[in-house]
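For reference, the structure is listed below as structure tokens.
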Amino acid sequence: MTAYEMVVGLEVHVELATRTKLFCACSAAFGGAPNTHCCPVCSGMPGALPVLNRRVVDLAIATGLALGCRITRHTQFDRKNYFYPDLPKAYQISQLYMPICRGGSVQIDVGGARKDVRIHEIHMEEDAGKLVHDPWTDRTMADYNRCGVPLLEIVSEPDMRSPEEVVAYLEKLRATLQYLGVSDCKMQEGSLRADVNLSVRPVGSEALGTRTEMKNLNSFKAIARAVAGEFRRQVELLQDGRAVRQETRRWDDNKDTSFAMRSKEDAQDYRYFPEPDLPPLVIDEAWIERVRASLPELAEAKIARFQRDMGLSERDARALTAEKPLCDLFEQTAACCARPKDAANWVMGEVRAALKARGLAPDALTLAPEALARIVLLTAQGSLARDGAREALQAAMDASPDAPLDVDAFARAHGLLLARDDGACERAVREALQAFPAEVARCRAGEEKLVGFLVGQAMKRMPGRGDPRRVSELLREALRAPDA
Amino acid sequence: MKVTRELVDSVAHLARLDLDAAEREAALRDLTRILDYVDALSALDTDGVQPMSHALRLQNVLRADEPAPSMAAQDVLQNAPERKDGCFLAPRAVE
Ligand SMILES: [Zn+2]
């Protein structure tokens with residue numbers, strides 16, 4: 001039987017982290033009561049004139065520079081015409097002929113293999129309104145608060161060959177956009193959305209098959225499943241001697257399958273033309289250099305710095321930078337406790353495990369770096385044992401961001417601090433040795449396994465929690481001494 | 001470009017216009033005359049001339065990313081034929 005491979009390209013839409021919309025001064029903040037972030041421009045009133053938000057251009061240039069794109073010097077907007085209730089103007093202002101960025105790439109790392117996924121283009125456009133079906137009236141309710149919120153559409157070349165590569169591309173792109181401060185990339189709020197273009201072809205073939213476009217993908221996990229599912233569907237069609245139809249499909253993550261969407265009639269006939277209400281945009285060298293000078297440190301530079309200045313392995317440095325919220329936490333924690341390796345282990349280990357156990361995404365993390373730094377430090381000094389440190393971490397994660405946990409007070413109050421006080425340890429050791437003279441004698445005669453028993457007995461006699469390492473040290477000293 | 005009846009129907013549909021027979025004939029006649037008139041331009045030699053999308057010599061009209069108050073929701077909804085819970089109510093469009 002013929003072996004097939006998938007050919008995948010992505011169209012990623014990100015909502016930009018601006019205060020206002022693309023062409024008007026309405027708030028671009030998420031939420032708000034329906035139709036309260038609207039004005040004549042974004043609700044499509046006749047006679048209103050759009051004016052471009054400078055910050056959107058800055059963020060688009062920053063994204064292009066970070067991804068190694070060419071910035072288009074003479075650019076403009078185009079009008080995409082279609083009738084749908086999510087668009088009160090009956091057209092979307094977008095860029096077809098002269099997108100602001102072209103070329104560039106995203107480097108991914110899957111199974112130890114590096115690969116560049118090329119960027120075809122990036123363009124600026126406005127978001128549409130939110131439609132909700134109203135079951136009571138069997139009609140559609142329209143809220144135009146999102147209408148006119150600035151988006152970048154980042155279009156990749158069809159360079160991905162597996163679900164893992166697709167997810168790696170999205171993760172890398174998201175991290176880059178978050179480091180740039182271009183977008184918060186919250187999929188649950190729709191500020192990062194991905195459409196998947198997928199076709200299949202016999203392995204070794206250069207020709208492209210007929211592709212489908214998949215929408216309604218709400219998480220990276222759903223995207224990975226949708227890619228695998230659509231690949232299976234297309235291969236089965238071809239193996240049955242049937243053809244793949246070029247169409248838009250909607251992924252249903254609960255049913256683990258996609259459905260052809262009722263094709264919008266004349267969907268392809270958008271009758272684009274240059275937007276007459278917006279004059280051309282000319283981007284000169286000085287503007288690009290100004291944006292370049294303001295670019296923050298990006299993942300690759302961080303990875304190099306974490307290895308050079310903090311002694312982390314490349315693997316740890318890569319894992320840490322993959323998600324900005326965790327990377328931020330790591331950097332701040334390391335700065336507080338000056339123990340970068342321990343901080344890295346905590347963030348990648350316990351903190352990530354705790355997030356997973358709580359079913360939280362990293363951007364929902366509210367853990368104060370000062371609290372984590374204290375936990376790291378107390379553990380490294382031996383004042384907190386692993387289980388006590390974990391308990392403190394849970395409490396620190398429960399604390400509200402405005403009132404971070406006082407780790408020392410918490411540990412004291414819950415008896416988590418290990419007694420490092422030698423007086424108490426020595427007393428406990430002495431009592432244990434006196435209570436079990438026979439065992440002490442056998443120990444001294446070389447029965448090594450009884451040492452653990454005596455340590456346990458000493459621990460039981462500690463007022464608070466004993467530090468087992470210290471107790472064991474003292475006990476061994478006492479056993480070596482002639483008269484305990 | 002030749003304007004046909006099919007083209008008139010298709011453009012009317014895209015613009016959600018419901019034209020009767022007389023209006024369709026009028027549109028066919030008018031569109032043909034408009035395109036013929038503009039066609040005079042193709043007599044000119046435009047080799048090496050940059051396409052121009054705007055007549056005004058304006059570029060880079062930009063504003064700062066500073067919010068200003070939006071309209072009151074009741075004003076936004078004022079012309080809505082029907083509304084519900086602060087939203088416009090439209091014919092069913094979502095599945
Ligand atoms: Zn507005």
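Chain identifiers are assigned alphabetically (A, B, ...) following the order of the sequence lines, protein sequences preceding nucleic acid strands; residue numbering begins at 1 within each chain.
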Check your understanding: Any donor and acceptor pair, going by atom type alone, linking the side chain of D65(B) with main-chain N or O of R19(A) inside 3.5 Å?
Key -> yes
Check your understanding: Taking K84(B), Q59(B), R63(B), E66(B) one by one, which has the highest count of heavy-atom pairs under 4.5 Å against chain A?
Key -> R63(B)
Practice item. Select one option (side chain, backbone, both, neither) describing which atoms of K130(A) are under 4.5 Å from chain B's heavy atoms. Key: neither
Point to revise | Nearest non-hydrogen partners of R139(A) and L89(B), listed with the distance | key: NH2-CD2, 3.8 Å
Point to revise | Shortest non-hydrogen contact between N35(A) and G86(B), atoms and distance | key: ND2-O, 2.7 Å
Check your understanding: Just wondering, more than 12 heavy atoms not from R55(A) lying within 6.0 Å of its CZ?
Key -> no
Point to revise | Option that, when pairs with chain B are counted at under 4.5 Å, heavy atom only, ranks first among A33(A), P85(A), C26(A), A25(A) | key: A25(A)
Practice item. Flag the one option from A73(B), A72(B), P69(B), A64(B) with the top tally of heavy-atom pairs under 4.5 Å to chain A. Key: A73(B)
Exercise for review: Identify which of V61(B), N79(B), V11(B) forms the greatest number of heavy-atom pairs closer than 4.5 Å to chain A.
Suggested key: V61(B)
Check your understanding: Is it the backbone or the side chain of E275(A) that comes under 4.5 Å from a heavy atom of chain B, or both, or neither?
Key -> backbone
Review point. Are there more than 12 heavy atoms of other residues, nucleotides or ligands under 6.0 Å from atom CZ of R73(A)?
Key: yes
Review point. What residue among D134(A), D138(A), T140(A) forms side-chain hydrogen bond (donor to acceptor under 3.5 Å, both in side chains) with R92(B)?
Key: D138(A)
**Study point:** Under 4.5 Å from a heavy atom of chain A, the part of E82(B) involved
**Key:** side chain
Revision key, fill the gap. Taken to the nearest 0.5 Å, the spacing of C38(A) SG from D75(B) CG works out to 11.5 Å
Practice item. Check each atom of F23(A) against the heavy atoms of chain B and say whether the ones under 4.5 Å are side chain, backbone, both or neither. Key: backbone
Revision key, fill the gap. Closest non-hydrogen atoms of P274(A) and S53(B), given as atom of the first, atom of the second and distance, are CB-CB, 3.5 Å
**Study point:** Atom group of P88(A) that falls short of 4.5 Å from chain B, counting heavy atoms
**Key:** neither
Exercise for review: Report the distance from atom CG of L278(A) to atom CG of L58(B), rounding to the nearest 0.5 Å.
Suggested key: 11.0 Å
Revision key, fill the gap. Distance col, row D143(A):CG vs D85(B):CG, nearest 0.5 angstrom, shows 11.0 Å
Check your understanding: Is chain B contacted by the side chain of C42(A), its backbone, both, or neither, given a heavy-atom distance below 4.5 Å?
Key -> neither
Review point. Taking atom CG of L14(B) and atom OH of Y82(A), what is their separation to the nearest 0.5 Å?
Key: 14.0 Å
Check your understanding: Heavy-atom distance under 4.5 Å to chain B: side chain of P280(A), backbone, both or neither?
Key -> both
Review point. Tell me, side chain or backbone of L77(B) under 4.5 Å from chain A's heavy atoms, or both, or neither?
Key: side chain
Point to revise | Any M71(B) side-chain heavy atom under 4.5 Å of M45(A) side chain | key: yes
Practice item. Decide yes or no on side chain to side chain contact (heavy atoms under 4.5 Å, CB included) for R83(B) and M141(A), but give the supporting numbers first. Key: CA-CA 8 Å; R83(B) 61 200 83 156; M141(A) 291 167 71; over 6 Å; no
Exercise for review: Check D284(A), I283(A), L281(A), L52(A) against N60(B) for a side-chain contact (heavy atoms from CB on, under 4.5 Å) and give me the one that passes.
Suggested key: L281(A)
Review point. Which pair of heavy atoms, one from S27(A) and one from S70(B), lies closest together, and at what distance?
Key: N-OG, 4.4 Å
Review point. Given a strict heavy-atom distance threshold of 4.5 Å, which part of V132(A) is in contact with chain B: side chain, backbone, both, or neither?
Key: backbone
Check your understanding: Relative to chain B, which segment of L22(A) carries a heavy atom at a distance below 4.5 Å: side chain, backbone, both, or neither?
Key -> backbone
